[in-house]
Amino acid sequence: MKKTNKLYLIFLIVFLSVFYFLVENQFYRSIVIYVMFNAINASLLNILFGYAGIISLGQAAFFGIGAYTTGILTVHFGINPFLTILIGAFISFVVAYIVGFPTLKLHGHYLAMATLGFGMIVYILFNEFTDITGGPSGLVGIAKLSIFGILIDDESKFYIFFSVIFVGFSILLELFDKSFYSYKLKFIKESESASKSFGINVSKVKLIVFATTSMFSAVVGSLFAFYSGFISPVSFSLKYSIDLFVMATLGGLGSITGGTLGAALLTVFPELISNFEDYEMIIYGSLLAIIVMFFPQGISGLIKKMLGKYVRS
Amino acid sequence: MLEVNDISVSFGGLKALSNVSFKIDCGINALIGPNGAGKTTLFNVISGFLKPNTGYVKYNDFDITALPPYEIFKRGISRTFQNLNLIKEVSLKENLYLGIIEKMKPSLLKDMLRTSKPFWKNVEAKIEEVMEITNVSKWGDLKPESAPYGVLKNFELARALISQPSLLLLDEPAAGLNNSEKENLANIINKITSMGIDVLMVEHDMSFVSNLSKYVVCLNFGCVIGYGTYKEIRENEDVIKAYLGDIDA
């Protein structure tokens with residue numbers, strides 16, 4: 001039984017607590033909240049791609065399905081906010097299962113193209129179903145979430161609420177990483193033929209992983225809708241799927257800390273270079289090329305290597 | 001008992017296997033033949049990776065022809081691959097988890113709640129046991145890239161062995177090994193059969209085959225051209241022609 005990486009989890013808790021007490025600026029808090037949203041989504045993509053080898057360029061769609069389910073159900077139908085999270089998760093799971101059933105038989109570039117196509121279709125639907133989604137102008141007036149009678153209606157309250165969710169998610173991810181089941185995904189990624197010959201129903205496992213991560217993405221999407229109070233298709237475009245892909249790769253594929261590291265860097269970085277916004281994709285592309293060529297294990301791999309050398313010396 | 005009956009496989013216009021039939025019983029059996037004879041294709045049919053155009057494969061009187069590989073595994077058939085199929089990301093010891101991952105899985109919830117210590121202890125004990133049988137105990141913590149080829153071959157064998165099969169399909173187990181490694185491998189295979197596991201191996205090394213095999217099946221151009229003990233096969237004219245060419249030609 002592998003030991004859990006308690007240090008990383010303690011670091012997360014300490015960082016989020018210290019940041020909350022030291023930084024009262026709402027803008028900086030909102031950046032950390034965005035980092036956490038992206039970190040969860042990038043980590044889910046990391047499970048898909050880094051662990052199971054399922055390359056998906058349509059993850060923004062599942063994030064969007066959650067956000068729009070919550071948005072539409074609370075704005076148009078006044079349904080209980082908590083219920084909308086569950087409905088969004090369920091819809092996302094079913095959609096992922098239906099989409100994954102034929103597409104997960106594909107590999108590599110073909111799978112990337114198929115999932116990219118799916119993401120584009122969902123993006124177009126968000127834009128075109130103007131009556132219920134609000135079209136390109138978006139959907140406004142999404143209800144706020146209330147927990148134990150406390151309405152989460154400002155930055156500070158959401159920061160605390162979402163930090164708890166994020167730490168909980170990170171613990172879950174860490175426990176998953178150290179479980180026997182995580183090996184199954186690694187084996188499938190490295191050799192489907194060997195996995196099949198040792199009794200693994202590869203198609204079934206891939207489908208379950210795809211549908212489950214998509215379901216979690218939808219939950220995060222619902223929380224995003226509650227947080228921002230306004231959603232528009234642009235938040236769930238192909239660009240966001242690519243952002244997540246770069247975050248997971250930059251942070252380190254197949255590593256639990258990878259998603260968070262990549263998300264932290266690529267969420268904070270654009271804020272620092274806001275004057276060069278037009279060149280963002282060029283910078284992302286270059287970063288991706290450098291990482292893939294020189295640091296395939298990403299930043300987390302680099303840190304591990306450096307720590308290893310330090311410990312040895 | 002494994003029964004291969006009237007198996008034919010075509011890839012477009014190329015007939016890889018043509019009405020192949022034979023039966024093997026307990027002990028060590030070998031499948032031989034020149035390059036391109038269809039040995040690995042037949043292995044792929046038996047293990048479910050390829051579906052034949054005609055014929056059937058029965059294992060212990062159960063028709064396994066249409067079953068997917070993971071179902072065939074559940075029936076007690078494990079295999080190794082010609083090109084080593086070990087996972088680079090994890091240690092050699094962890095590679096052995098693949099052999100038991102579908103047989104000894106704990107509940108995901110229990111495992112994530114870290115209450116599955118007895119399960120992990122059991123896994124470790126089993127791994128130690130097969131590493132000892134295959135003489136690779138000291139290499140377990142290394143990653144595949146750091147170990148010699150002969151050790152990797154033995155780990156592949158250990159991975160198949162830990163799954164507790166009743167029939168083990170070995171695809172060119174001695175390929176690329178030196179003489180002492182081959183001797184070691186022969187001892188391991190003998191040890192495995194003494195544990196009640198039957199073996200069917202594809203092999204090119206005839207002295208390795210002659211020392212180990214009870215029965216030999218010889219394929220050429222997708223057809224069975226000889227079946228019997230090694231001595232019978234060695235004296236079979238068709239087999240001699242297949243390997244040495246037609247003297248009259």
Side-chain angles (χ1 to χ4, degrees), chain A residues 1-6 9 46-47 49-53 105 168-206 208-209 212 252-256 258 296-298 300-301 304 308, chain B residues 43-44 46-49 68-91 94-124 144 156 159-160 162-163 165 169 171:
Chain A
M1 188 182 252
K2 269 187 167 179
K3 279 184 185 166
T4 49
N5 186 356
K6 291 193 186 79
L9 298 171
N46 204 346
I47 294 279
F49 187 45
Y51 282 68
K105 291 185 173 71
F169 173 81
S170 301
I171 294 172
L172 208 66
L173 214 58
E174 177 62 25
L175 291 175
F176 172 78
D177 180 57
K178 302 298 181 289
S179 75
F180 203 52
Y181 198 86
S182 74
Y183 283 98
K184 200 183 266 191
L185 302 191
K186 286 175 189 167
F187 292 141
I188 288 175
K189 180 191 168 193
E190 289 277 325
S191 175
E192 282 196 15
S193 50
S195 303
K196 279 179 192 167
S197 70
F198 284 102
I200 298 177
N201 185 343
V202 171
S203 316
K204 189 177 153 194
V205 173
K206 280 165 83 168
I208 289 172
V209 173
T212 310
L253 291 172
S255 142
I256 284 305
Q297 305 291 319
S300 64
K304 258 186 212 166
Chain B
F43 251 39
N44 286 338
I46 297 170
S47 53
F49 282 94
Y70 58 87
E71 287 291 344
I72 290 175
F73 170 80
K74 285 179 195 162
R75 300 252 154 212
I77 300 178
S78 279
R79 70 169 289 180
T80 63
F81 292 85
Q82 210 176 92
N83 48 336
L84 290 171
N85 234 327
L86 292 166
I87 316 300
K88 287 175 231 143
E89 270 185 28
V90 297
S91 71
E94 286 170 311
N95 259 286
L96 303 187
Y97 293 165
L98 180 58
I100 39 174
I101 208 155
E102 280 300 307
K103 291 210 163 171
M104 296 180 59
K105 50 188 171 186
S107 90
L108 179 62
L109 188 70
K110 245 184 167 181
D111 199 20
M112 283 180 67
L113 291 173
R114 317 286 288 169
T115 54
S116 52
K117 265 186 188 153
F119 160 81
W120 282 96
K121 247 187 176 171
N122 199 1
V123 167
E124 291 301 321
E156 241 220 344
R159 188 174 65 180
I162 202 173
S163 65
L169 307 175
D171 201 349

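Just so you know, these numbers use all the heavy atoms, side chains as well, and skip hydrogens, waters and symmetry mates. To find a chain, count down the sequence lines: A is the first, B the second, and so on, and within it residues start at 1.
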inquiry  = According to side-chain hydrogen bond (donor to acceptor under 3.5 Å, both in side chains), who are the partners of A:Ser182, at least two apart in sequence or on a separate chain?
reply    =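 Here no residue qualifies.
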
query = Taking NZ, NE, NH1 and NH2 as the nitrogens, is one of them in B:Glu124 or B:Lys121 under 4.0 Å from a carboxylate oxygen of the other?
reply =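 The answer is no: the pair does not qualify as a salt bridge.
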
ask   = Using 4.0 Å as the upper bound for N to carboxylate O, is an ion pair formed by A:Glu174 and A:Lys6?
value =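 Salt bridge flag = no for A:Glu174 with A:Lys6.
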
query = What distance separates A:Phe49 CZ from A:Lys189 NZ, expressed to the nearest 0.5 Å?
reply =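 Answer for the CZ-NZ pair, A:Phe49 versus A:Lys189, is 7.0 Å.
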
key: Distance (rounded to the nearest 0.5 Å) between B:Tyr70 OH and B:Glu102 CD   =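 Answer rounded to 0.5 Å: 10.5 Å.
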
Which atoms of [X] are under 4.5 Å from chain A, going by heavy atoms: the side chain, the backbone, both sets, or neither?
X: B:Ser47; answer: neither
X: B:Lys117; answer: both
X: B:Phe81; answer: side chain
X: B:Lys88; answer: both
X: B:Glu94; answer: both

Quick one: which of [options] has the most heavy-atom pairs under 4.5 Å with chain A, could you say?
options: B:Thr80, B:Leu169, B:Ile87; result: B:Ile87
options: B:Leu86, B:Ile100, B:Leu98; result: B:Leu98
options: B:Val123, B:Asn95, B:Ile77, B:Ile72; result: B:Asn95

Inter- and intrachain pairs under salt bridge (charged side-chain N to carboxylate O under 4.0 Å, His left out), touching residues 190-203 of chain A, at least two apart =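 Passing the test, one end in residues 190-203 of chain A: A:Glu192-A:Lys206.
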
query = Less than 6.0 Å separating the ring centroids of B:Phe119 and A:Phe180?
reply =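 Distance test on ring centres: under 6.0 Å, yes.
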
ask   = Checking heavy atoms, do the side chain of A:Lys178, its backbone, both or neither come under 4.5 Å from chain B?
value =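 A:Lys178 touches chain B through backbone and side-chain heavy atoms alike.
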
key: Contact class of A:Ile171 relative to chain B, heavy atoms under 4.5 angstrom   =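 A:Ile171 has no heavy atom closer than 4.5 Å to chain B.
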
message = Both conditions, 6.0 Å and 45 degrees, for the charged tip of A:Lys186 above the ring of A:Tyr183: are they met here?
response =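 Yes, A:Lys186 lies over the aromatic ring of A:Tyr183.
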
message = Which one wins on heavy-atom pair count under 4.5 Å against chain B: A:Ser193, A:Gly254, A:Ser195?
response =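 So the answer, after comparing A:Ser193, A:Gly254, A:Ser195, is A:Ser193.
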
